[in-house]
Amino acid sequence: MPLAFAALCPIWGMWRRKACFPWSLLGVAITSFLVWSLIGKVNASKVVAYNVSGWRPPWGIQIRIDYMGLLMACLITGVGLMLLIYSWRYIVSEIKEERIPYYYTLYLLIFTAMLGFSITSDLFNFFVFMEIFSITSYALVAISGERMALRAAFKYLLMGAISSLTVLFAIAFLYSATGSLNMLDISSRLKSTAYLPVASVALILFIAAFAVKSALFPVHVWLPDAHSIAPSPVSALLSALVIKMGVLGIFRILFTVYGHSFSGLSSTWNSIAGVVAWAAALSIILGSVMAIIQRDLKIMIAYSSVSQIGYILLGITLISTRGMAGGLYNIVAHAMGKACLFLVAGIFIYKHGLRRIENLRGIGRTMPVTAGAFALAALSIVGVPPSAGFVAKWYILWGCFQEGQYAFVIVVLLGSLLSAVYCFRVVYYMFFTGAGRPGVGLDEAPFTMLAPTAILSVGTLFFGIFATLLLPSLNNAARVLLLK
Amino acid sequence: MSKIVHSVLPAIIMAVPWLAIPGAVLWGKKRPGAAKAVYVGCTAATFLLITTMYPRAMDGVVSVQHLVEVAPGINLAFRVDTLGFYFAILLSVIWLLTTVYSLGYIRTRETRYYCFTAINLSFCLGVAFSANMFTLFVFYELMSLFTYPLIIHEETEIARRAGLKYLVYTITAGAVILAALIMQYYYGGTLSFLGHGTLNSETISKPVLLIIFSVYMLGFGVKACIMPLHGWVPDAHPAAPSPTSALLSGVILKVGAFGIIRVLFDVFGIKLLGDLGVALPMLWVASFTIIVASLFAITQNDLKRRLAYSSVAQVSYIILGLFLLSPDGAIGGLLQIAHHAFMKGTLFLCAGIIIHETGKRDIREMNGIGSKLPITMLAFSVAALGMMGTPLTCGFITKWELGLGSIQAHRPYFIAVLLLSALLNAVYFLPIIYIAFFKGDPMDKLLKHETSRTMMVPVIIGAAFVVILGIFVTVPGLPYSLVKIVVKALF
Amino acid sequence: MRKAAVLGALLIIGAMLLFAIGKMPAMNSRNAPDKTHVIPRYLEKGEEEGGAKNIVTGVILNYRGYDTMGEVTVIFSALCAVVALLDREKRGLSRSSPDASGVRSSVIVRTVVRFAFPVIVFFAVAYMMLHGEGSPGGGFQGGAILGASVIVFTLAFGLPESTRRMPLKVRIPLESTAIVGFLAMGIIGLAYGVNFLTYLLPGVHGAMAQTVRNLMMTVIEVGIGIGGGVIFISIVFAMMREDKYELQPDVPQP
């Protein structure tokens with residue numbers, strides 16, 4: 001029981017008043033350090049549990065870090081740190097001066113909430129953290145205060161609020177059926193509950209609500225607006241991490257709370273997993289197609305997120321160990337790749353005010369590092385070996401074969417072809433068109449913006465080559481969850 | 001079983017071409033001389049390093065090196081057997097020739113050209129050295145993507161179109177190969193090359209094997225331009241600068257063929273393929289490609305386009321030879337890799353000189369060009385005669401072995417295909433020679449001037465190889481000796 | 001088409017909810033799962049373990065204290081969101097422009113409010129917050145009343161008057177008292193080597209332990225009350241405020 005952990009989550013509380021860059025950087029860095037120090041412990045003992053207030057569950061609230069939580073926490077801290085460093089120079093150009101302290105405050109809040117969301121094992125606590133990151137993300141989308149931003153945020157707010165409410169309903173139903181709020185406790189009590197219809201309705205509500213949060217196909221409509229209009233580090237944060245929280249929600253509900261091979265509800269469970277898988281497949285295809293027809297770089301990247309989320313959820317709901325490992329791996333790959341793409345888009349806006357893809361002609365000549373980072377991250381999004389995206393797709397495909405879902409094989413391959421179209425189109429404009437202006441040498445972004453971008457893009461390559469760092473754990477986790 | 005030694009040499013060899021990049025990037029603008037020197041130096045060093053592996057290859061010793069385990073059971077690893085060495089040494093020679101040539105030819109965006117050529121050399125070597133299908137696929141895909149900048153090097157509208165077509169074909173093929181790869185892994189349990197087939201018909205049902213096989217062929221067939229999948233070739237070759245065309249035809253199409261070879265020998269194995277009964281359809285497809293592509297070549301008036309169609313036809317010789325599933329056939333197919341590389345490389349480099357010096361691409365405008373560029377056209381004629389299979393050139397040896405192979409495989413009717421193809425080759429090459437030397441106006445003689453030495457030397461060496469490989473066939477170290485070892489181990 | 005789809009979805013969800021409610025355990029059933037699992041422990045041992053006579057307070061602050069901290073953070077997030085977006089007070093700047101809205105209400109209202117105001121504040125602080133652990137009430141309720149009192153005051157005397165009495169530099173530190181209170185108490189527990197937000201400290205026994213526990217919970221209650229109250233006030237201020245110069249361009253007037 002690591003005592004150090006307790007400080008992890010709430011540590012942010014002290015620095016919102018003096019909300020300024022170094023202070024939040026310190027906070028995020030300390031938190032990251034604490035999270036990373038947990039890696040060894042979780043690896044050693046599979047799970048680290050911590051009872052807040054000293055009460056055992058189900059009476060008190062328990063924080064429980066399993067592989068999944070740890071993975072998310074590491075990702076949040078790693079990517080979050082990069083984005084924060086990037087924000088320092090960037091937001092000055094997009095946000096009014098007096099709002100900057102609040103930007104950092106909201107940033108820290110969302111950071112904290114996501115961490116809490118990843119590691120809690122109490123359903124109501126889950127909801128509370130979900131509310132925090134939802135509210136803060138609405139505000140972050142709208143923080144530039146422009147008309148379009150407010151509209152996008154309002155759309156996001158409406159859909160998000162409905163989904164939050166749905167989660168609350170579902171929690172209430174589950175509580176009435178089991179009398180408990182602790183996930184594991186619910187899971188064990190569900191096995192003997194007499195109120196199966198209530199529990200299955202709750203399951204449907206949960207999945208529907210988290211589908212909105214993770215922008216799954218029919219309910220993704222808020223995402224392209226919100227993600228493209230927000231300031232770029234925020235877009236990166238939303239795409240890389242916040243929608244992953246929806247995925248995590250689906251994951252927790254399906255596997256931690258309800259559980260595979262659970263007799264009473266297995267038919268409902270299976271059909272829901274099937275529906276999610278098909279919705280994910282549709283997301284893959286339609287998200288890519290929509291991305292192809294976009295002319296605005298950030299909207300294109302946003303649609304690409306819809307498609308990539310499809311990969312993640314498809315992998316998870318294949319109910320095969322390999323597929324799940326692939327889905328989880330794509331969380332990592334997509335978080336880094338997509339964050340990098342948004343940061344690059346941000347650099348173009350910051351330096352030249354460019355948003356449209358065809359205006360990026362020849363930019364690879366004056367900004368080789370930025371454009372190179374984009375190309376590298378794009379390779380991962382497409383799934384070209386050896387990148388993290390490739391490993392993820394490899395495992396998802398493997399999962400498809402394990403389960404004999406040949407239709408999904410075609411979907412996955414077609415999806416990567418389509419994503420190749422939209423990614424390489426941008427790379428093409430950046431590197432292979434437009435004459436280099438003579439006399440113009442390098443014109444790169446400031447170091448604090450360039451470094452996080454470059455680190456994230458190299459990260460996609462690193463996790464493509466050294467995938468064994470993560471994959472065995474993911475495989476084990478998947479095996480445990482699926483009881484295979 | 002062949003002896004196995006551990007060696008870091010493949011990894012070192014692959015790293016060498018990358019050294020050209022800093023040189024090209026740092027000095028590209030200010031000191032082009034230094035950049036060129038580094039670029040050629042790296043390519044030459046790669047070649048020399050590969051030659052040091054020659055003794056091992058001749059003894060059939062396999063050098064292996066494990067790089068990194070990407071995922072459990074899936075490794076990036078190198079393994080140089082005789083076949084890999086054969087391919088590596090061949091491609092480094094071709095690369096060296098075109099590299100020297102490109103110093104004179106490429107006049108714009110040199111930095112980008114040098115960087116991507118060097119990177120591609122590394123990736124092609126990666127394909128040759130790969131120890132399993134996964135490694136092969138990784139480098140194959142990277143090579144495919146990094147060839148794109150070379151094809152659209154000139155950034156004309158035609159080049160862009162061709163590049164787009166190339167990308168569409170190649171990326172789709174990549175996805176298809178991925179599907180085959182994962183099926184192989186899922187059903188077969190391993191991706192490693194062990195010198196014999198790893199799939200076996202006892203544990204895997206026949207339809208599944210057939211599916212895996214056809215998906216692989218679809219995937220690699222795009223690069224090896226088997227006929228319905230060849231669409232990108234006639235566009236990409238003329239659009240690319242000539243040294244790149246030479247590389248495309250000489251090496252990169254062969255990488256696709258190399259993939260097929262690995263599928264044939266190290267994934268399925270000769271015996272299993274014989275049982276599956278897929279050889280005959282493949283033979284017909286290859287024959288179809290040879291004949292039809294040759295017919296297409298006759299109708300082309302653009303010199304490089306004609307050469308490109310000729311390549312489509314010639315690469316199918318490799319396929320034809322391999323799927324005869326007989327030792328001599330295999331020797332012929334494998335020899336064709338090297339022989340065609342030299343012949344077609346020379347032809348494309350000559351075409352490059354013609355375009356560079358006269359700006360003419362249309363064959364009908366080349367009247368009397370032989371008197372203007374005598375050495376070039378002489379080299380061109382030698383290579384063209386080789387393509388027709390004239391004795392004393394390497395093209396003859398290939399056709400001879402293929403003919404022997406088809407008799408050995410009890411399928412003598414494929415000799416007819418070979419003869420018909422030789423005839424068609426004559427139909428589309430002889431007019432060029434005729435136009436060049438015997439037609440047109442003697443006034444051109446006054447304008448006689450050959451091109452720069454950096455472009456001339458590779459062409460002469462290439463033409464010389466066409467003859468040398470046709471006369472000194474069995475000299476140790478030349479392709480025949482290596483191929484012999486490979487085939488002996490297989491049959 | 002679109003409307004029909006939305007309507008259809010709503011109908012399906014509605015039907016599902018009604019169906020589930022119909023299948024839920026009866027409200028007053030003693031055997032419903034929610035009444036047989038966790039609740040009995042709260043009811044039986046709540047007073048002794050939770051340290052509060054008011055069981056609700058015990059559950060909120062003790063058993064599920066971490067949740068409550070989260071909820072406080074939700075409110076704080078809402079404040080940040082509102083302030084970041086409306087931002088009429090120019091909080092990030094050292095100087096802000098004067099407020100333009102100033103409606104004064106009638107004498108009667110002002111007099112009544114002037115008398116009632118201290119009473120309401122006293123009720124909120126002394127009764128709801130300080131005594132929250134022993135009787136109905138608590139930090140949230142106290143905070144709401146506190147906030148309401150200031151809102152009433154503002155309605156009567158106008159925004160300039162109330163912002164003069166509660167300027168930004170007072171409010172900003174107070175807004176975070178709730179979270180700080182939680183954290184501080186949590187860290188005390190950590191310092192004693194027990195889990196975060198544990199009130200029963202090792203090494204403190206008997207009646208002393210009770211006292212310490214009650215003290216800590218009271219601190220948190222007051223923190224929630226004041227923090228919550230001030231957050232409400234700030235939100236209301238941010239919404240009411242009309243900036244005199246807002247509609248005018250940034251050029252000097254002739």
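Throughout, protein chains are lettered first and strands after them, A, B, ... in sequence-line order, and every chain is numbered starting at 1. Just so it is clear, the values below take in all heavy atoms, side chains as well, and ignore hydrogens, waters and symmetry mates.
Top candidate by heavy-atom pairs under 4.5 Å with chain B, chosen from A:Val382, A:Val384, A:Leu397, is A:Leu397. Considering only heavy-atom pairs separated by less than 4.5 Å from chain B, the leading option among A:Ala325, A:Ala420, A:Pro386 is A:Pro386. Chain B forms the most heavy-atom pairs under 4.5 Å with one residue out of A:Asn475, A:Ile410, A:Leu417, A:Leu379, and that residue is A:Leu417. Among the candidates A:Phe466, A:Phe390, A:Tyr329, A:Phe463, the residue making the largest number of heavy-atom pairs closer than 4.5 Å to chain B is A:Phe390.
Salt-bridge check for A:Arg322 with A:Glu403: failed, with every basic side-chain N at 4.0 Å or more from each acidic carboxylate O.
The structure places CG of B:Leu229 at 11.5 Å from CE of B:Met217, a figure rounded to the nearest 0.5 Å. Atoms CG and CG, from B:Leu150 and B:Leu248 in turn, are 8.0 Å apart once rounded to the nearest 0.5 Å.
For B:Ile74, the part lying near chain A is the side chain, with the backbone staying farther off; criterion is any non-hydrogen pair under 4.5 Å. With a threshold of 4.5 angstrom between heavy atoms, A:Leu414 does not approach chain B through any atom at all. With a 4.5 Å cut-off on non-hydrogen atoms, B:Ile152 touches chain A through its side chain but not through its backbone.
Along residues 128-145 of chain B, the residues that come nearer than 4.5 angstrom to chain A, judged on non-hydrogen atoms, are B:Phe134, B:Phe137, B:Val138, B:Glu141, B:Leu142, B:Leu145 in order of number.
The ring of A:Trp398 has its center closer than 6.0 angstrom to the ring center of A:Tyr395.
Between B:Tyr216 and B:Phe220, the ring-plane angle classifies as parallel under the 30° and 60° cut-offs.
Between the side chains of B:Thr170 and B:Trp232, no donor-acceptor pair of N or O atoms lies under 3.5 Å.
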Report the C-alpha distance between B:Tyr166 and B:Tyr148 in whole Å, list the side-chain angles of each, state the deciding distance to 0.1 Å, and finish with yes or no for ring-ring contact (aromatic ring centres under 6.0 Å, His included). CA-CA 8 Å; B:Tyr166 169 77; B:Tyr148 175 75; 7.1 Å; no

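Counting heavy-atom neighbours within 6.0 Å of A:Phe447 CZ, excluding the residue itself, gives a total of 12 or less.
Counting only heavy atoms from C-beta outward, the side chains of B:Leu121 and B:Met14 never approach each other to under 4.5 Å.
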